[in-house]
Amino acid sequence: MASSAHNGAGSGRSVWHRLREWLLQGADHTRRQAAEQPERGQRWWRVMCLTGLDYFSTLGYQPGIAALAAGLLSPLATVVLVALTLFGALPVYRRVAHESPHGQGSIAMLERLLSFWKGKLFVLTLLGFAATDFLITITLSAADATAHLVENPHFTDALHGRQVLITLVLIALLGAVFLKGFSEAIGVAVVLVAVYLALNAVVISVSLWHVVTAPKVVTDWTHGLTAEHGNIFVMIGIALIVFPKLALGLSGFETGVAVMPHIQGDPGDTEERPTGRIRGARKLLRTAALIMSVFLITSSVVTTLLIPEDAFKAGGPANGRALAFLAHRYLGSAFGSVYDLSTIAILWFAGASAMAGLLNLMPRYLPRYGMAPHWARAVRPMVLVFILVAFLVTWLFDASVDAQGGAYATGVLVLITSAAIAVTIAARRARQRHAMVGFGVIAAIFLYTTAVNVAERPDGVKIGACFITGIILVSLLSRIARSFELRVTDVHLDDMAARFVRDIGHRRIQLIANEPDRRDAAEYRDKLQQIRADHELPAGEDFVFVEVHVSDPSEFESELWVCGEVLHGRYRVLTLESPTIPNALAALLLHVRDVTGQRPHMYFEWTEGNPLRNFLRFFLFGQGEVAPVTREVLREAEPDRNRRPHVHAG
């Protein structure tokens, strides 16, 4: 019995061990595998289809949202949106592609402009809005796919009232794909986008024919516009005010830059100058914007002129599926069902594209900042986190496409605005006056658009604020929990420093941690006398001073460069530069131990002051209570006490 119980417990541990290995697969080797398996690259037009999963799929719900937001002015407001797309967002992201050709996007451009904690907090804020954009893409796309399924005449009776459940199932299936192992399947994206755009072209062409052959439709529309708004100048003015509500049509540009590493470059491309990749990305952005502009304008015209206003409202047959409504009306149930199936497929796959964007974006920043647990480097745990959040968002918004539109638009607009500001600053630094003025005007327009959208639909800011608060809170807690990790990736000694280490390696290795001040002879003489007195060391003992200069304490991981120098003709000093003093000292001690085969001794003074205040100084500024923190870092890095370097505090 005892043996059986033991085997059962062992089996349980074995199952848990295998599950843990499966979940954390890739957590420790992500960077190395990425370096060993470089992306071969695809033609730009094929990668455009990958972007198109997010961008083009908005045709499934954009015309209906535009009709609800602008009413009869929807076509005119859409023209304003298209103008902003072609003459605003497109030039901005062409510049982003040039400045950030490895898929980092505008967030990385802004990260380079700011340092210290303000830079990290700013990036975390942008990551919050990016998470809003991508997660709402998942939930909104799944909700709209559900709308196309439920409103299909063949399934309305059976599925009506189960929208939330169906949306949750679609999101769960998306998560299952990533848990199993998702490849971006550009070939599948090409087929989906080609079929979807072809079907939309058929629906819009047939609908335009009905508009042309029924002049009363156009007459009724123009009469309605005149009755509501008076003259053309009033209409244009109102369209300029209303168009921010149509900002969903701007989605896809950030994704277009994020997928740049997949674009095939020229044979002579290098990591520093990927000219072919940049040229391909610009073609991708321009072509996608032109295709989408044509579809946005024509779809807005036919849906506004041919669909009754009441049909767009919540619960109406055209709500969230305006073009599908026209497909069923003018091309029959069979074609309409094919259109629904194509729309459901691309909307569901758009969620996959957004998930891939999240999994690419978050691990790029948070682990590097020390603001994510170790398991955040692995794909599967992050998938589970994102899917659970998507479940929560779907439940809160009741799987409503209209209700999520504001949050989606806010995420899109904040990212585009940040990109416009980033390229404006880049142009200013490059002393390109005309480009700076042009991008500055575009940034101002997007700032206005974002402000109007936030004022009219604050849900986006609320959701974004929740993501930002969650990301910052989790990040800071993770940073605190990981404060005592050995955060030095590599140690490099110059010739003089290496000579010091070789020399002291033949006897007892004794190092003194010194906080540099005047660096005159009296400072080192007094420090040496104090250490000898505190620790009752004989006068003949040999010592080497170690001084750490704090660089940017908000950084987490760094390489350690150690320089040796002889000051005042007799004092040997090793100088280091690091984000934190204790981690640098611990890394140096372990490196000296490994090089010499001896356990070095390091002598400290106790830091005066409140321990909590000193810990906060260490956490925020890399200083504080150095001796005990150095010892704790060593304890975590080297569990074997017989191999751990000695730390003395007096």
Side-chain angles (χ1 to χ4, degrees), residues 30-31 33-55 88-114 119 123 126-127 130 133-134 184 186 189 250-290 353-354 356-365 368 415-432 435-436 438-439 442-443:
T30 303
R31 293 180 181 175
Q33 288 174 346
E36 293 174 355
Q37 300 174 5
E39 176 66 42
R40 186 175 62 180
Q42 300 272 349
R43 299 289 297 277
W44 67 266
W45 58 269
R46 291 175 63 84
V47 181
M48 184 188 71
C49 292
L50 182 63
T51 305
L53 294 173
D54 177 17
Y55 196 23
L90 180 58
V92 164
Y93 276 93
R94 282 169 58 86
R95 180 64 179 255
V96 171
H98 179 267
E99 297 282 345
S100 181
H102 303 295
Q104 306 99 316
S106 58
I107 295 178
M109 292 178 64
L110 291 169
E111 182 191 27
R112 292 196 293 267
L113 301 174
L114 297 170
V123 169
L126 288 180
L127 286 176
D133 182 6
F134 286 122
E184 290 182 329
I186 291 180
L250 289 167
S251 69
F253 281 100
E254 194 73 28
T255 312
V257 175
V259 299
M260 278 188 68
H262 298 287
I263 298 175
Q264 186 178 47
D266 293 337
D269 277 5
T270 63
E271 284 298 302
E272 292 75 22
R273 297 180 60 84
T275 307
R277 180 192 295 171
I278 294 172
R279 186 172 61 252
R282 288 179 165 181
K283 288 180 181 178
L284 180 157
L285 293 168
R286 181 175 62 249
T287 306
L290 289 171
S353 177
L358 276 171
L359 295 173
N360 177 57
L361 191 64
M362 295 300 175
R364 177 169 285 168
Y365 291 97
R368 180 160 55 88
L415 290 180
I416 294 180
T417 302
S418 68
I421 293 172
V423 298
T424 301
I425 296 172
R428 182 177 181 274
R429 290 193 167 189
R431 301 184 182 278
Q432 299 169 338
M436 181 190 72
F439 287 131
I442 294 171

Go through the structure and list residues passing side chain to side chain contact (heavy atoms under 4.5 Å, CB included) with [X], not counting sequence neighbours.
{"X": "Ala443", "answer": "Ala420, Ile421, Thr424"}
{"X": "Arg431", "answer": "none"}
{"X": "Pro101", "answer": "Met260, Pro274, Ile278"}
{"X": "Leu126", "answer": "Ile107, Leu110, Phe122, Val414, Ser418"}

Would you name the heavy atoms of [X] and [Y] that are closest together and state the gap between them?
{"X": "Phe253", "Y": "Ala289", "answer": "CZ-CB, 4.2 Å"}
{"X": "Ala435", "Y": "Arg95", "answer": "CB-NH1, 4.5 Å"}
{"X": "Leu415", "Y": "Tyr93", "answer": "O-OH, 3.5 Å"}
{"X": "Tyr55", "Y": "Ala288", "answer": "CE2-O, 3.6 Å"}

**Message:** If I take atom CG from residue Leu285 and atom CG from residue Leu290, how far apart are they, to the nearest 0.5 angstrom?
**Reply:**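 Rounded to the nearest 0.5 Å, the CG-CG separation comes out at 11.0 Å.
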
**Prompt:** Say you draw a straight line from CG of Leu53 to CE of Met48; how long is it, rounded to the nearest 0.5 Å?
**Reply:** 11.0 Å

**side chain to side chain contact (heavy atoms under 4.5 Å, CB included) between Trp45 and Thr287, intermediate numbers included** = CA-CA 9 Å; Trp45 58 269; Thr287 306; over 6 Å; no

When you compare the side chain of [Y] with that of [X], does any pair of heavy atoms fall below 4.5 Å?
{"X": "Arg43", "Y": "Val47", "answer": "no"}
{"X": "Val96", "Y": "Val423", "answer": "yes"}
{"X": "Trp44", "Y": "Gln264", "answer": "no"}

**Request:** Please list, chain by chain and in numerical order, all residues satisfying side chain to side chain donor-acceptor pair (under 3.5 Å) with Thr417, sequence neighbours excluded.
**Result:**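 With neighbours one apart ignored, the set is Thr450.
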
**Prompt:** Do other residues, nucleotides or ligands put more than 12 heavy atoms under 6.0 Å from the CZ atom of Arg428?
**Reply:**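 No, not enclosed.
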
**Sequence neighbours excluded - salt bridge (charged side-chain N to carboxylate O under 4.0 Å, His left out) pairs with any residue from residues 274-288** =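 Checked against salt bridge (charged side-chain N to carboxylate O under 4.0 Å, His left out) - neighbours excluded - the pairs reaching residues 274-288 are Asp266-Arg279.
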
